[in-house]
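This chain uses plain numbering: 1 for the first residue, then up along the sequence.
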Amino acid sequence: MKRDMDNKFDVIVIGGGHAGVEAACSSARTGSKTALITHKVNKIGEMSCNPAIGGLGKGHLVKEIDALDGIMAKATDRSCIQFRMLNSSRGAAVRGPRAQTDRILYKNAINELVSEQKNLQIIEGSVEDLIVLNNKVNGVILGDNKKIPSKSVVLTTGTFLQGLIRIGSEKQEAGRAGDKPSIKLAKRLKELKFSIGRLKTGTPPRLLKKTINFNDLDEQHPDKKLVPFSFINKDIHIPQISCFITHTNKNTHEIIAQNLNLSPMFSGEIQSMGARYCPSIEDKIHKFKNKSSHQIFLEPEGLDSDLIYPNGISSSLPTEIQEKFVKTIKGLENVTITQPAYAIEYDFVDPQQLTHTLETKKIKNLFFAGQINGTTGYEEAAAQGIMAGINASLKTTSNKEFIIPRSSGYIGVLIDDLVTKGTKEPYRMFTSRSEYRLLLRADNADLRLTPLGIDIGCVDIDRQREFEKKSRRIKEGFKFVKNHKFSPDALLKKGIKINKDGKKRNIIDLLSFSNITTAKLKKILPELNDLEDDVIEQIEIEAKYAGYLDRQRMDIQDFEKEESLTIPKSTNYKLVGSLSNEIVEKLSKIKPPTLGAASRISGVTPAATIALLRYIKKNKNKKAA
């Protein structure tokens, strides 16, 4: 990987984590000469915490990243050692693909995909400062004082900004175990007057596999049907293995409860907010005193790895206390801990200081993505990374912006939530955060977003051709099933009974009946066997949820009318009238681009939204006159 300081780049991406690699690759795919600068080249694509990708809400994000030709899904398919479709017995909207991955294979896959990317150069170094002139970023300065100019910069710092690891009373300055934090860059952001906060996350201990007794534990098998994450892949070829389930117990809880004062979270040393939906074991014991046990997933870190990741017992207790409580757990009585659990505190920037393109409002051409914006999780970071990379690239070549509306993708929900509402705790994606989750499914992410990616120029020609083929197949499939109709009498002769109203119904209509399946219809219409599985899947979903889908499409039309009303950047909210000082302050700070974005800002009331609507229309009419 060549290090060349003489070239000027269109885009520089700082950080080689999940946000950074997606930002760098998407910027390069969009046509910009891009540099990815990272502390250590051999840490690119490192999975700092759980060796898994996807899940409820998160899996939707990965599919959307893939729809825009990102690399996370491709790397997951090359490293998946246990695939499971979460909520498989429930509706299509809330199913979440999840893959346990081989940590080494995933990292290797990311490095292969990054190295294959045209227009992208990797530089090993530590970025200590930003070059800012007239409130516009012009490049970066490395630790050796070498300057690298660029037109745009994407900052993806993960947990490195003034990162501080805590294990009991022990403190260690680190971005993660074994890596130095970014101190000077954190100070520079404060000098630039960004509003900075502190957040906390944590990781469980790592366990030596051969010291675990798996005999009496519940085995969790992979799904029999493996569904690749990437829309361009047909199969997963990696061997699939089991995970195991165990539980904490009364003895575990007693040891933790007796030593809560030794946890920096409870001693008062840690005051930053942790992830609500991924609490430490101390949090669980403290908040759920009446619960006698908590589930722990023992997840292998790889096919050939000696390590097990015990998902569910992250902690910041002293190492000796961790040793005690872990050995009370069934199957772990004689376990060896190879790395203790720890909590890590780090700086983040209030995301309300960003536009919907993830460009900062204070400094032009400077973009933030990932945990620096207050999120938690690989998938949320990667989703921001791909959007920041595309927009940083567009900023250097045109006046275009790439924004995914809430109605079109979970990526849009994620970014809109962050920049309009901000966050005081690590933000995690759930399907419940979307108003339109029946339409924003994992299975149709490419149908929703790949055309947008093609239009903006971030999808390569091979994927574009594959997508166009799939689109044609689905269009022809729907035309076929809509054109083939059967009367109740014709169906009865074939052994299928419905109410005899004399009405002819097409295949989609028939599939909405609970007693009629695709398998039954294939017997009376053998041509259905010619339709591929992905086409049948879309037809079945459309049939099952037809009324609900139509209603949500109408809701989206109404939403888009409100969303599309642009608020001029020069709007003086003090002149709107009938707005409280608090609402004026929030609108002036966030500068929402549309009326829809304004309506979602915390504290902006429906009455305030109507007042703003009237003000905008009134001023438009004045200009028109």
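- Every residue meeting the ring-ring contact (aromatic ring centres under 6.0 Å, His included) condition with His484, not counting sequence neighbours, appears here in chain and number order: Phe480.
- Thr357 meets the side-chain hydrogen bond (donor to acceptor under 3.5 Å, both in side chains) test with Thr355; sequence neighbours excluded.
- In this structure, a donor-acceptor pair under 3.5 Å is absent between the side chains of Ser230 and Asp77.
- Between Lys522 and Asp530, no side-chain nitrogen of the basic residue sits less than 4.0 Å from a carboxylate oxygen of the acidic one, so the salt-bridge criterion is not met.
- Glu582 meets the salt bridge (Lys or Arg N to Asp or Glu O under 4.0 Å) test with Lys586; sequence neighbours excluded.
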>> Please evaluate residues Asp460 and Arg465 with respect to the criterion salt bridge (charged side-chain N to carboxylate O under 4.0 Å, His left out), reporting the C-alpha separation (whole Å), side-chain torsions for both, the decisive distance (0.1 Å), and the verdict.
In response: CA-CA 9 Å; Asp460 72 23; Arg465 287 170 181 157; over 6 Å; no

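- With 3.5 Å as the limit, one finds a donor-acceptor pair spanning the side chains of Thr518 and Glu540.
- Residues passing the ring-ring contact (aromatic ring centres under 6.0 Å, His included) test with Tyr378 are His18, sequence neighbours excluded.
- Between Thr609 and Ser599, the side chains place no donor N or O within less than 3.5 Å of an acceptor N or O (distance only, hydrogens not considered).
- Listed by chain and number, the residues in a salt bridge (Lys or Arg N to Asp or Glu O under 4.0 Å) with Lys504 amount to none (sequence neighbours excluded).
- The salt bridge (Lys or Arg N to Asp or Glu O under 4.0 Å) search around Asp416 returns Arg406, Arg600, not counting sequence neighbours.
- In this structure, a donor-acceptor pair under 3.5 Å is absent between the side chains of Ser79 and Thr101.
- Side-chain contact, Asn373 with Gln384: a donor N or O sits under 3.5 Å from an acceptor N or O.
- Closest heavy-atom contact between Gly409 and Ile404: N-CG2, 3.9 Å.
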Show which side-chain atoms of residues 509-517 pair as donor or acceptor with protein atoms under 3.5 Å away, not counting sequence neighbours.
| residue | atom | partner | partner atom | Å |
| --- | --- | --- | --- | --- |
| Asp509 | OD2 | Asn506 | N | 3.4 |
| Ser512 | OG | Asp509 | O | 2.5 |
| Asn515 | ND2 | Lys497 | O | 3.0 |
| Thr517 | OG1 | Lys520 | N | 3.2 |

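- The only member of Val535, Ile232, Asp446 that meets side chain to side chain contact (heavy atoms under 4.5 Å, CB included) when paired with Lys470 is Asp446.
- When the side chain to side chain contact (heavy atoms under 4.5 Å, CB included) test is applied to Ala442, the partners found at least two apart in sequence or on another chain are His60, Lys63, Pro97.
- Sorted by first then second residue, the ring pair (Phe, Tyr, Trp, His ring centres under 6.0 Å) pairs that include residues 592-615, not counting sequence neighbours, number zero.
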> When you look at Leu612 and Tyr573, which way does the side-chain contact (heavy atoms from CB on, under 4.5 Å) test go after all the steps?
Replying inline: CA-CA 8 Å; Leu612 184 56; Tyr573 294 98; 3.9 Å; yes

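- Not counting sequence neighbours, the partners of Lys364 by the side chain to side chain contact (heavy atoms under 4.5 Å, CB included) test are Lys136, Glu359.
- Residues that satisfy the side-chain hydrogen bond (donor to acceptor under 3.5 Å, both in side chains) test with Asp443, not counting sequence neighbours, are Arg441, Gln538.
- Take Phe486 and apply the ring-ring contact (aromatic ring centres under 6.0 Å, His included) test, not counting sequence neighbours, and it matches no residue.
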